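Beneath this line is the structure, given in structure tokens, with notes to follow.
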Amino acid sequence: MSIQPSKTEEVREELRAASSIAVLTGAGISEESGIPVFRGPDGLWKQYRAEDLATPEAFARDPRLVWEWYDWRRSRIAAARPNPAHEALVLLENHCPGFALITQNVDGLHDLAGSRHVIKLHGDIWTLRCQHCGTVKSDRWVPLPEIPPRCACGGLLRPGVVWFGEALPPAAWQAAVEAAESCALFLVVGTSAVVYPAAELPMLAKHRGAKLIEINFEPTALTPLADYSFVGKAGEILPQLVS
């Protein structure tokens, strides 16, 4: 994709000069790696909607069913690889000492790309948490050898993600707020910024005086407020801005 040279150079200069940068990424950046958007046309699994499975109530009612869906999702994610947008963010982190990467994604592709400090607002699909003893562990088995998986204590393990109706992890949310409040530039990449409370972060940064840069497949409610807005694939646009 070709983007307006003058606007590209302006943003490059902003990135070069910024002492602190915060980035919020969403499903769009992962979709370019082949991971279906949660609410997109591929959001149905068998006859179920994701919104009917990703809840504490669904897990209490039928943990096997919920885990069959998560096992399928983990298999899809395991086949995906970071794309040039993920890699461009690693380069940006290497350049800017005051860098914060905030993601709504649970797929771990930022980690796989080499990002070192990722604030995971919605958790991590590769993390399991025991319902009984609270043990948290990393697990990348695909497919899972046992469904539903059990902890060493015998308790039921659940995915380490934030479900509908659950609060965000307090430490992650606090870190995200601090990054938004203190950054000079705030990038919104691959998200429509409509899911709250994450959608508050760009506005918080803007209110504190940060320049707002948006990269998305299509215009959003945030577009009129952005200082710079790029419509297209993050995997094509971000590398041009970071180069």
Side-chain angles (χ1 to χ4, degrees), residues 14-15 18-30 38 54-56 59 85-86 88-90 92-131 133-139 157-216 220-222 225-227 234 238:
E14 294 277 7
L15 293 171
S19 58
S20 55
I21 299 171
V23 183
L24 174 67
T25 66
I29 193 172
S30 293
F38 198 72
T55 69
F59 191 70
H86 294 100
L89 291 176
V90 176
L92 198 55
E93 181 178 9
N94 292 339
H95 162 74
C96 180
F99 181 86
L101 175 54
I102 309 159
T103 188
Q104 297 167 280
N105 301 332
V106 300
D107 50 51
L109 288 182
H110 285 301
D111 304 276
L112 205 58
S115 293
R116 297 184 299 279
H117 305 293
V118 185
I119 301 169
K120 300 176 182 179
L121 291 182
H122 294 162
D124 188 333
I125 202 169
W126 303 111
T127 297
L128 309 184
R129 187 170 77 244
C130 180
Q131 296 274 76
C133 71
T135 294
V136 176
K137 69 172 186 174
S138 178
D139 182 294
L157 291 166
R158 60 159 282 176
V161 300
V162 177
W163 282 332
F164 290 102
E166 294 183 327
L168 299 185
W173 176 245
Q174 184 60 37
V177 169
E178 290 174 1
E181 289 181 335
S182 62
C183 69
L185 290 180
F186 194 99
L187 278 68
V188 182
V189 182
T191 175
S192 56
V194 296
V195 177
Y196 282 83
E200 296 175 15
L201 296 171
M203 300 311 303
L204 181 57
K206 183 78 172 175
H207 179 71
R208 290 297 184 99
K211 291 282 185 70
L212 195 58
I213 301 169
E214 182 188 42
I215 302 169
N216 201 41
T220 72
L222 199 61
L225 304 172
D227 295 280
L238 258 179

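Scope of the values below: all heavy atoms of this structure, side chains included, with no hydrogens, waters or symmetry mates. Remember, it's a predicted structure, so these values are computed and weren't measured experimentally.
- Between L157 and F59, the shortest heavy-atom distance links the atoms O-CZ, 3.4 Å.
- Within 6.0 Å of atom NE2 in H95, more than 12 heavy atoms from other residues, nucleotides or ligands are found, so the atom counts as buried in its surroundings.
- L121 approaches A176 most closely through the heavy-atom pair CD2-CB, 3.9 Å.
- When every heavy atom of A210 is checked against every heavy atom of F186, the shortest pair comes out as CB-N, 4.5 Å.
- Remark: R129 does not engage D124 in a salt bridge, criterion side-chain N to carboxylate O under 4.0 Å.
- Taken to the nearest 0.5 Å, the CG atom of L187 stands 4.5 Å off from the CD1 atom of I213.
- One distance of note links CD of E181 with OG of S20; it measures 12.5 Å at 0.5 Å rounding.
- Pairs engaging residues 106-125 under the ring-ring contact (aromatic ring centres under 6.0 Å, His included) rule: H86-H110 [sequence neighbours left out].
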Problem - Worked check of side chain to side chain contact (heavy atoms under 4.5 Å, CB included) between L212 and V188 - result: CA-CA 8 Å; L212 195 58; V188 182; 4.1 Å; yes
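- Residues L238 and I215 form a side-chain contact, since some pair of their non-hydrogen atoms from C-beta on lies under 4.5 Å apart.
- K206 and D227 are joined by a salt bridge, as a carboxylate oxygen and a charged side-chain nitrogen come within less than 4.0 angstrom of each other.
- The nearest pair of heavy atoms linking P202 to L222 is CB-CD2, 3.9 Å.
- Shown here for C183 and A205, the closest heavy-atom pair between the two residues is SG-CB, 4.1 Å.
- In this structure, P169 and V162 approach most closely via the heavy-atom pair CD-CG2, 3.7 Å.
- Atom-to-atom distance recorded for I125:CD1 and K120:NZ is 11.5 Å, nearest 0.5 angstrom.
- Separating the OG1 atom in T55 from the CZ atom in F164 is a distance of 9.0 Å, to the nearest 0.5 Å.
- Using modelled atom types and a 3.5 Å distance limit, the side chains of T127 and S138 yield no donor-acceptor pair.
- Looking at S182, its side chain does come within 3.5 Å of a backbone N or O of E178 through a donor-acceptor pair.
- We find the CG-CD1 distance between L101 and I21 to be 11.5 Å, quoted to the nearest 0.5 Å.
- Using modelled atom types, one side-chain atom of W126 and one backbone atom of D107 make a donor-acceptor pair closer than 3.5 Å.
- You'll find the side chain of T103 stays beyond 4.5 Å of the side chain of L109, heavy atoms only.
- The backbone N or O of G26 sits less than 3.5 Å from a side-chain atom of N105, completing a donor-acceptor pair.
- Rounding to the nearest 0.5 Å gives a distance of 6.0 Å between CG of L201 and CG of L24.
- Between T191 and T25 the shortest side-chain heavy-atom distance does not fall below 4.5 Å.
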Problem - Working for side chain to side chain contact (heavy atoms under 4.5 Å, CB included), residues I102 and V23 - result: CA-CA 6 Å; I102 309 159; V23 183; over 6 Å; no
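- One side chain, T220 or E214, offers a donor N or O that lies under 3.5 Å from an acceptor on the other.
- The main-chain N or O of R116 is found under 3.5 Å from a side-chain atom of E93 such that the two form a donor-acceptor pair.
- For S19 (side chain) and G98 (main-chain N/O), no donor-acceptor pair under 3.5 Å exists by modelled atom type.
- The side chain to side chain contact (heavy atoms under 4.5 Å, CB included) search around E14 returns L185, K211, Y228, not counting sequence neighbours.
- Residues passing the salt bridge (Lys or Arg N to Asp or Glu O under 4.0 Å) test with E166, sequence neighbours excluded: R158.
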